[in-house]
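Please read all numbers here as calculations on a predicted model, not as lab measurements.
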Amino acid sequence: MKKKKSHLFKEVSVWRRIDDDTVIKYRCLQVLPEGGYCVKISHLYRYPLHSIDDEQIKQAEFYFLDGLFQDGMTKLTMKTYSTLEKAIKKHDKDFAYSFEQTKSS
């Protein structure tokens, strides 16, 4: 069996406040030692927090971990960007985040 090259990743959480009742948490990875960034997943949270139950939190963690295994944690399977801001901007574009739309939903 051929051994695959191992990479190190650092998880970085970044928060964006949309309005008084809405935030997005971006779960990003920094590829070490090169330093490029990618967004693996994002989660939208709304206030009041009692509307978020334990199952939703577990599900968010599951999707993050599952994504690491499904498409791997190798630099070859991720497009990385030089800054977190660029990685998040690309993620928002790919997922068509419209911050005006999130306010009204």
Side-chain angles (χ1 to χ4, degrees):
M1 172 169 25
K2 185 178 179 183
K3 189 174 179 179
K4 293 184 178 184
K5 185 177 178 183
S6 176
H7 291 282
L8 293 175
F9 300 89
K10 179 180 178 180
E11 182 180 352
V12 181
S13 294
V14 178
W15 294 86
R16 178 192 302 265
R17 183 177 180 175
I18 305 303
D19 57 35
D20 289 345
D21 299 326
T22 311
V23 295
I24 297 176
K25 179 181 183 181
Y26 298 92
R27 294 187 72 178
C28 309
L29 294 177
Q30 179 184 18
V31 181
L32 301 174
E34 296 91 346
Y37 296 93
C38 68
V39 177
K40 288 303 290 177
I41 196 164
S42 61
H43 306 284
L44 185 74
Y45 295 101
R46 295 189 189 280
Y47 191 81
L49 294 178
H50 61 75
S51 64
I52 301 171
D53 62 26
D54 288 342
E55 191 58 37
Q56 288 172 301
I57 293 169
K58 288 178 189 176
Q59 189 177 40
E61 185 67 15
F62 172 82
Y63 285 129
F64 177 74
L65 292 173
D66 188 55
L68 296 178
F69 287 104
Q70 291 299 319
D71 54 23
M73 287 180 50
T74 66
K75 187 177 178 187
L76 299 175
T77 63
M78 282 186 269
K79 171 65 176 153
T80 60
Y81 297 87
S82 59
T83 67
L84 280 168
E85 291 84 359
K86 288 179 182 178
I88 290 169
K89 184 175 181 178
K90 174 67 169 143
H91 179 82
D92 288 347
K93 182 179 177 187
D94 288 349
F95 288 91
Y97 269 136
S98 168
F99 299 114
E100 290 304 314
Q101 185 179 33
T102 60
K103 289 179 187 178
S104 62
S105 21

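Atom NE2 of His43 sits about 7.0 Å away from atom NZ of Lys25, to the nearest 0.5 Å. Atoms CZ and CG, on Arg46 and Asp21 in that order, are 8.5 Å from each other to the nearest 0.5 Å.
Looking only at side-chain heavy atoms (C-beta outward), Tyr47 and Asp20 stay at 4.5 Å or farther from each other. Between Glu34 and Thr80 the shortest side-chain heavy-atom distance does not fall below 4.5 Å. Using a 4.5 Å cut-off on side-chain heavy atoms (C-beta onward), Phe64 and Glu11 make contact.
A search for side-chain contact (heavy atoms from CB on, under 4.5 Å) contacts involving Gln59 returns Tyr63, not counting sequence neighbours. In this view, Glu85 and Thr83 satisfy the side-chain contact (heavy atoms from CB on, under 4.5 Å) rule, not counting sequence neighbours. By the side-chain hydrogen bond (donor to acceptor under 3.5 Å, both in side chains) test, Ser13 is found to be paired with no residue, residues two or more places apart in sequence or in another chain being considered. With sequence neighbours excluded, the residues forming a side-chain contact (heavy atoms from CB on, under 4.5 Å) with Leu84 are Val12, Val14, Cys28, Tyr37, listed by chain and number. Applying the side-chain hydrogen bond (donor to acceptor under 3.5 Å, both in side chains) test to Gln56 and every residue at least two apart in sequence or in another chain returns nothing. Every residue meeting the side-chain hydrogen bond (donor to acceptor under 3.5 Å, both in side chains) condition with Lys90, not counting sequence neighbours, appears here in chain and number order: Asp94.
Relative orientation of the Tyr26 and His91 rings is perpendicular, given thresholds of 30° and 60° on the angle between their planes.
Residues Ile41 and Leu29 fall within the same hydrophobic cluster, defined by Ile, Leu, Val, Met, Phe, Trp and Tyr side chains chained together at heavy-atom separations under 4.5 Å.
In terms of heavy-atom proximity, Ala87 sits nearest to Cys38 at CB-CA, 4.1 Å. Shortest non-hydrogen contact noted between Ser42 and Ile24 is CB-CG2, 4.0 Å. Heavy atoms only, all atoms of each residue included: Arg17 and Val23 are closest at CA-CG1, 4.0 Å. Shown here for Leu32 and Lys10, the closest heavy-atom pair between the two residues is CD1-CB, 4.0 Å.
Taking the centre and axis of the six-membered ring of Phe95, the NZ or CZ atom of Lys93 falls outside the cone set by 45° and 6.0 Å.
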